[in-house]
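Counting starts at 1 for both ligands and their atoms, in listed order.
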Amino acid sequence: MSIKTVAIVGCGIGRSHIVEGYLPHSDKFKVAAICDLNEERLAAVGDEFGIERRTTSFEELLADETIDIIDICTPPGVHLEQVVAALGAGKHVVCEKPLTGSLAGVDRIMEAEKAAKGVLMPIFQYRYGDGIQKAKRIIDAGIAGKPYTASVETFWLRKPEYYAVPWRGKWATELGGVLVTHALHLHDMLMHLMGPAARVFGRVATRVNDIEVEDCASASLLMENGAFVSLSCTLGSQEQISRLRLHFENVTFESTHEPYTPGKDPWKIIAANDDVRQKIDRVVGDWQPVAPRFTTQMGQFHAFLSGNGPLPVTTADARRALELVTAIYQSSDSGAEVPLPVGPDSPKYADWRARTK
Ligand SMILES: NC(=O)c1ccc[n+]([C@@H]2O[C@H](COP(=O)([O-])OP(=O)(O)OC[C@H]3O[C@@H](n4cnc5c(N)ncnc54)[C@H](O)[C@@H]3O)[C@@H](O)[C@H]2O)c1
């Protein structure tokens, strides 16, 4: 098994990638370099983890043949150009959410992937944890039966101090609000378990903070599988919770309410009867614990790079989540339901920030 060398670009959440994603897999990854425009941050993170190679130049990393993986943890407005450049330089690429700010941008990245030597893995670390993974195994085994309804709640709290970081709260740099930066995780979890949406009605508003982007949103989805889903998001909840509750014919699932680790155990997994309970026991009886968040996502990424498993999160997954964002914005602007797929003829395909009313 070969050790992959990683360069982290952006030392905010990039620090968590080191702590949760790479250090627990020191036999698989070596963080060989860090990059940030902020020299104080660069020095602090470099000193903390003993990383000697520190640079303010992203381009310098691209030219370095000893780097296998560029891990992009910069603000959202920078992702598109950095992902395309890193793929063009022949690197494997990890990129934080949101991958970019439009479906046209994702499609540009997909074009770049076709010609690339390396692969791109977007981050969706909330998918990992015992609770969600057991639910996924039960659903994939066909035990849950017909999907009925689900509700997905991202009830977080963000105060003015959070928006003191200049890129946050602005369309030009954050690219969106609660839908793009916070609830995207839970909406990916929903679709990981229940598949894609078919029709979307949504409303967004800025009600909590004095910012440009939305901080409250609500949406009603008809999923491709026929289920009805309601999404509710705010950054003004005095108690922070994340919650998914999914109702199927034979099983009801409910996540923990932990805001940043809703995928962890214990999930409520409520069987309709003893027969269903026994079937569930058969598929999860031998459960091997799955570490939450970046630890498992990065571990599975290494397995993929070593030819031992699928790419855990794909650009298509990121596209699906961003297509839902686009549809909610479009519906909120037009007041009409939006059918998916959202194609190039949509007023929001090129840029969801374009106003349509
Ligand atoms: N997956 C998650 O749970 C999670 C959590 C937090 C943030 N994020 C995402 O991670 C990204 C970064 O968020 P953050 O909270 O860490 O932001 P941050 O502002 O704390 O950190 C970003 C860093 O990138 C640096 N930077 C900016 N432009 C750069 C460039 N061109 N080259 C090199 N460095 C550059 C900044 O100096 C800053 O230190 C965002 O897309 C955000 O949505 C994801």
Side-chain angles (χ1 to χ4, degrees), residues 7-21 33-46 48 53-62 67 70-86 89 93-101 105-106 109 121-129 154 156 158 161-189 211 213 215 235 240 242 258-264 292-298 301 312-313 317-318 321-322 325:
I8 308 261
V9 188
C11 293
I13 194 70
R15 185 187 170 279
S16 302
H17 286 206
I18 298 173
V19 174
E20 294 179 44
I34 52 175
C35 171
D36 202 300
L37 300 180
N38 178 333
E39 303 221 22
E40 267 176 45
R41 216 168 198 186
L42 203 53
V45 173
E48 182 179 1
R53 180 99 189 279
R54 306 162 193 188
T55 178
T56 54
S57 167
F58 176 70
E59 289 68 28
E60 184 188 309
L61 297 175
L62 299 188
I67 302 289
I70 302 278
D71 183 342
I72 297 170
C73 298
T74 47
V78 189
H79 292 176
L80 174 59
E81 101 199 28
Q82 288 190 335
V83 167
V84 170
V93 184
V94 172
C95 183
E96 262 297 348
K97 44 67 26 183
L99 180 57
T100 183
V106 186
I109 288 170
M121 180 183 72
I123 289 289
F124 271 140
Q125 86 274 19
Y126 280 46
R127 288 182 179 191
Y128 302 99
T154 307
W156 293 7
R158 293 292 181 270
E161 306 86 87
Y162 174 82
Y163 292 101
V165 176
W167 64 263
R168 294 192 181 130
K170 300 185 182 88
W171 287 110
T173 43
E174 189 174 351
L175 308 178
V178 65
L179 287 173
V180 171
T181 297
H182 311 89
L184 197 69
H185 287 296
L186 268 84
H187 299 168
D188 172 66
M189 290 169 78
I211 54 175
V213 297
D215 53 23
L235 298 179
Q240 294 207 100
S242 294
E258 291 293 326
Y260 308 131
T261 47
K264 273 170 79 168
R293 291 170 48 98
F294 301 118
T295 309
T296 293
Q297 183 167 354
M298 299 316 187
F301 187 43
V313 180
D317 297 337
L322 296 177
V325 169

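Nearest protein neighbour of atom 10 (O) of ligand 1, counting heavy atoms only, is Ile13 CG2, 3.3 Å. Protein heavy atom nearest atom 31 (N) of ligand 1, with residue, atom name and distance: Gln82 NE2, 3.5 Å. Closest protein heavy atom to atom 23 (C) of ligand 1: Asp36 OD2, 3.6 Å. For atom 33 (C) of ligand 1, the closest heavy atom belonging to the protein is Val9 CG1, 3.7 Å. For atom 20 (O) of ligand 1, the nearest non-hydrogen atom of the protein is Arg41 NH1, 3.0 Å.
Residue contact check: Asn38 has heavy atoms under 4.0 Å from atoms 37 (O) of ligand 1. Near Gln125, meaning under 4.0 Å from any of its heavy atoms, are these atoms of ligand 1: 1 (N), 2 (C), 3 (O). The ligand atoms of ligand 1 that sit less than 4.0 angstrom from a heavy atom of His185 are 1 (N), 2 (C), 3 (O).
Between Cys35 and ligand 1, not a single N/O pair is under 3.5 Å apart. Annotation: Thr181 places no N or O atom under 3.5 Å from an N or O atom of ligand 1; distance criterion only.
Ion pairing between a basic and an acidic side chain is recognised when a charged N comes within 4.0 Å of a carboxylate O; Lys97 and Asp188 show no such pairing.
Considering each of Phe58, Trp167, Tyr162, the one bringing a non-hydrogen atom nearest atom 17 (O) of ligand 1 is Trp167. Among Glu96, His79, Glu39, the residue whose heavy atom lies closest to atom 44 (C) of ligand 1 is Glu96. Of the candidates Ile34, Leu37, Thr56, it is Leu37 that places a heavy atom closest to atom 28 (N) of ligand 1.
Ligand 1 has no atom lying under 4.0 Å from any heavy atom of Arg293.
When heavy-atom distances to ligand 1 are checked against a 4.0 Å cut-off, Arg168 comes that close only through its side chain, counted from C-beta outward. The part of Cys73 lying near ligand 1 is the backbone, judged by heavy-atom distances below 4.0 Å. Residue contacts with ligand 1, taken as heavy atom pairs separated by less than 4.0 Å, involve Lys97 via backbone and side-chain atoms alike.
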Would you mind writing out the side-chain donor-acceptor pairs for residues 177-184 within the sub-3.5 Å range, not counting sequence neighbours?
residue: Thr181; atom: OG1; partner: Glu174; partner atom: OE2; Å: 2.6
residue: His182; atom: NE2; partner: Tyr162; partner atom: OH; Å: 3.0

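Residues passing the ring-ring contact (aromatic ring centres under 6.0 Å, His included) test with Phe294 are His17, sequence neighbours excluded.
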